[in-house]
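Below: the structure, in structure tokens.
Chain A is the first sequence line, chain B the second, and so forth, proteins listed ahead of strands; every chain is numbered from 1.
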Amino acid sequence: MAWRFMSNFEWELDPDIYGDRHYNAFTREFYPSLEDLMGSDATMVTEEDTDSAILFGTLRGNVVGLRYYTGVVNNNEMVALQREPNNAYDKNAVKVNNANGDQVGHIKKELAASLAYIMDNKLAVVEGVVPSGAKNTFTMPVQLSFWGKAENKQAVLDRLNMQGFNLAPPGKISEFSVGTSKKYGKAGTSYSAPVHAAVQMTTEQLKTEFDKLFEDLKEDDKTREVEAAKAVVTPLLPHQKQALAWMISRENNKELPPFWEERENYFYNTITNFAEKTRPENVLGGILADDMGLGKTLTTIAVILSNFHGGKPLPVRQKSDQLKIFPIKKCVPAVKKDQEAPRIGLQLNASDTKESESLPSQSSRTHPKRAMGKKPKYTVSSDSEPEEQNTEIMETKVQKTPPATRKRRKASCDIQEDKAFASALEEPAISSKKTKKKGVVTIQHKKNEGEETLGTTLIICPLSVLSNWIDQFEQHVDPGVHLNIYVYYGSERSKDPAVLSRQDVVLTTYNILASDYGARGNSPLHKLKWLRVVLDEGHTIRNPNAQQTKAVLDLDAQRRWILTGTPIQNSLKDLWSLLSFLKLKPFTDRDWWHRTIQRPVTMGDQGGLKRLQSLINSITLRRTKTSKVKGKPVLKLPERKVFIQHITLTDEESQMYHSVKNESIAAVKRYFNDRSVLTHYADVLGVLLRLRQLCCHPWLCTSVSSSSDTEANSTPEELRKKLIEKMKFVLSSGSDEECAICLESLNFPVITHCAHVFCKPCICEVIQREKTNAKCPLCRKEVGLENLLECPSEELDSEKKPGQEWVSSSKVNALMHALIKLRKQNPAVKSLIVSQFTKFLTLIEIPLKESGFAFARLDGSMTRKQRVRAIQQFQSNAEGSPTIMLLSLKAGGVGLNLTAASQVFLMDPAWNPAAEDQCFDRCHRLGQKQDVVITKFIVKNSVEENMLKIQEKKKELATGAFGNKKSSSETKINEIKTLMDL
DNA sequence: ACCGCCGGGTGCC
DNA sequence: ACCGCCGGGTGCC
């Protein structure tokens, strides 16, 4: 493989990054509220809660001016209404469009006058269906439905009434349109307004329904297996072969997209009843939503290497061939496996930037002609055959041996059996088609007759997994295959589209993509038509307003993939961005998505749910760790046992604990009496924090400035102090905060007056973009550059207890006892020591050193480079490698692999049981060979035991993807009572 | 006839 | 539009 890596300084030094974060990412209140801490994820401040809309009623109107527009409709077809305030004849104009967005006509002016007011003031969403008369020449009727918040109903009725229009109540029309829909057939496509509240499902039911969506995903072509091309050296597991087969069949599929039928030369959408002559393009891709650890990355690499240009596997060249033909060894040092991390940087140096674009190893395989043209530049090897000869051999090979190539293909891959294979051969990729016709050799995917090219795949991922991709390409791809991979990252990245288009794979991050996109006209990524775009951790684009999302949606690609472990994180809303990326008509338009799926499903409409189900089923593949393939679990992991070890405090510790506890209870009781628990919520959390710390070690509990007496209207200076205190509190309490804007871990954190923390560059960008009325992305309160507070970063972890003699604690003793016992049994055994308090980890280092344990450490404050080192050292089985990893609970992301450990010691319980589980998965994952034993230390009769109780409740409540209803203030209060034994 | 009626011209917003 | 509307032509029965 030829690697090129354009990078900034840090990356050149050390490009390998391991995941240091993962999803969830959304709302991190600066003060983590209980429900944040306990994992009922995310309460993103949504613009409007469209889900609470009810149907006000319906009204029959007229569409006029049909003959002036090209848009046509069918009887019973849905139409969209769109305001046209700049219409020269009538500022109240309301356009009527079909599902394709083509204008059909206008709403007649009298009615438009009413509608304009209603629509402009957002009193209601107005939707239309043309019940009949679709083929009329001049006007046609339209049945309008008015949806909105209950409190706006009267205003809408009044407004319509002013002009003499009366809404028919919802019930009535329901009957009416059931009648019409029967007439026009097609169950499940009637637009009968669902009678509000009649079939309202509970959140719980909805959740269950969603889970069901994924249950049927295992049948039919989703269980067919396909071998990867030989270029993939790692054997695929059965479920990965299934995913490969499914992905290839998706990429090559020739069927109509979901909800489209062919009827007498027309393509007919069964949801909107829209019809058109031109065939709607199917999604050549979809959503791979496997749980983490099932190998989405490997599977994707297999797809890239097995299905370029539609169905053809990549032939593997024998090493001898390649050496004979291409004098590469001097230009590009072969990438040695197990080489040290900086290899990419070295590679860059070795290959020299200005030449790198025409390195033979990169261009020769796929672009022989091009390579020939540039020959003098790169044919540096003097010890190989003369240039002419090289060329000849190359030509000869290419031209004379296509049958052999085919044979090899046949042998190495089943894909050709796919019916799409044949058709794919007839239809070469876009770029090569172009070049064939013109016969020019100017751009990349040029090749000789019969020579395959991959086509360029763009992979976009969070920075934290970028290096994982690089690693995995190296691990899984035959070194004999010269895959051109360009890491589009860092200030040196080439903005030349031609450079990118001649790659097989371009890797970049969401942030780079978004920032290029922001710099208008200077995004080469947006100038190319990619063979394939892959979004890793694809839920990153679930916020439709985020710059990243917009940048991603604007990419031009033939095949589109979303990789995610969490396809529907909060609600259906998240799905829209994904569908929009997949370019699935008509859901690409948010209004249509909302109207045809989101609202019906939220209201409990069965038809809507059916549609959603079949939609998901057709574009998604999801397996969980517990999914089975042919009766066997996809992952057979070693066992995982969790033990709780109860700790009894010494008298001295207990005394201290209880004195603090009594003090706290008194304070909290006061809040209860004042009914001000929630306003003092932060203080309560602070008090709880102290108690938790005391359970671990007395030194953890530094004087938390009891801010209980600060009032809301304190002086600016007090406010400032308080906010900074808050920021420090959270940053130091072990929760690895993320910036809600870039979704990365905080880089140069600042706090707003509304107490939300972002990266300084991120929030500054937001403020600059929105100018005067900039709002906090999390709570929509106004923010300005002048009231951002920076964290006096240096003080964070520097306070030590100088000169004080080491004092242990009951918990530390228990830990050390266990570790020493383990070491006696097996000196090689490796353990994770996990805490939410990084300071506690620091304290634990003392007895570890005393007892001669070699340890590594991983926490949020470390640089990437430090982390990589720590992980490498710990994972190594070399003599003298650390047997202990001190791990901050939330450090690392999904990619973090600590399978060398078979023991986990959880020093303090987490608020969120899911966070614990995730942490355990760092070692209990693919690659773990031993049973994993987890020990949770819990101090008896303490806040820790109470936390366990709440964890249990949380687990019951949240056994699924949708158990994230915001916990009520009542729940919060009850939780506080439980925690404090009140 | 400062009306009615006729019939041609015409037509979204 | 096989309508409505406009405005010019016209005018007892």
Round to the nearest Å and state the distance from [X] atom [atom1] to [N] atom [atom2].
X: Asn62(A); N: dG11(B); atom1: CG; atom2: P; answer: 19 Å
X: Tyr69(A); N: dC13(B); atom1: OH; atom2: P; answer: 10 Å
X: Lys95(A); N: dC13(B); atom1: NZ; atom2: C1'; answer: 11 Å
X: Phe138(A); N: dC5(C); atom1: CZ; atom2: P; answer: 17 Å
X: Glu110(A); N: dC5(C); atom1: CD; atom2: P; answer: 11 Å
X: Met140(A); N: dA1(C); atom1: CE; atom2: C1'; answer: 15 Å
X: Tyr89(A); N: dC12(B); atom1: OH; atom2: C1'; answer: 9 Å
X: His106(A); N: dC13(B); atom1: NE2; atom2: P; answer: 9 Å

Touch check for Leu66(A), heavy atoms < 4.0 angstrom, all strands: base, sugar-phosphate only, or nothing?
-> nothing
May I ask you to say what Lys108(A) touches in the nucleic acid, namely base, sugar-phosphate or nothing, with a heavy-atom cut-off under 4.0 Å?
-> sugar-phosphate
Under-3.5 Å donor-acceptor pair between Tyr68(A) side chain and dC13(B) base = no
base_contact_polar (dC13(B) base, Asn87(A) side chain, donor-acceptor, <3.5 Å) = yes
Using Watson-Crick geometry (N1-N3 plus N6-O4 or O6-N4) or G-U wobble (N1-O2, O6-N3), each under 3.5 Å, dC3(B) is paired with dG11(C)
Quote, to the nearest angstrom, the C1' distance that separates dA1(C) from dC6(C).
-> 15 Å
Within a radius of less than 6.0 Å around CD of Glu281(A), do more than 12 heavy atoms belonging to other residues, nucleotides or ligands occur?
-> no
Is Arg559(A) salt-bridged to Glu251(A), cutoff N-O under 4.0 Å?
-> yes
Please confirm whether Arg532(A) makes a cation-pi placement over Trp561(A), using NZ or CZ under 6.0 Å from the six-membered ring centre and within 45° of the ring normal.
-> no
Is Arg560(A) positioned over the aromatic face of Phe581(A), cation under 6.0 angstrom from the ring centre and no more than 45 degrees off axis?
-> yes
Measure up the Phe274(A) and Trp260(A) rings against each other and bin them: parallel (under 30°), tilted (30 to 60°), perpendicular (over 60°).
-> perpendicular
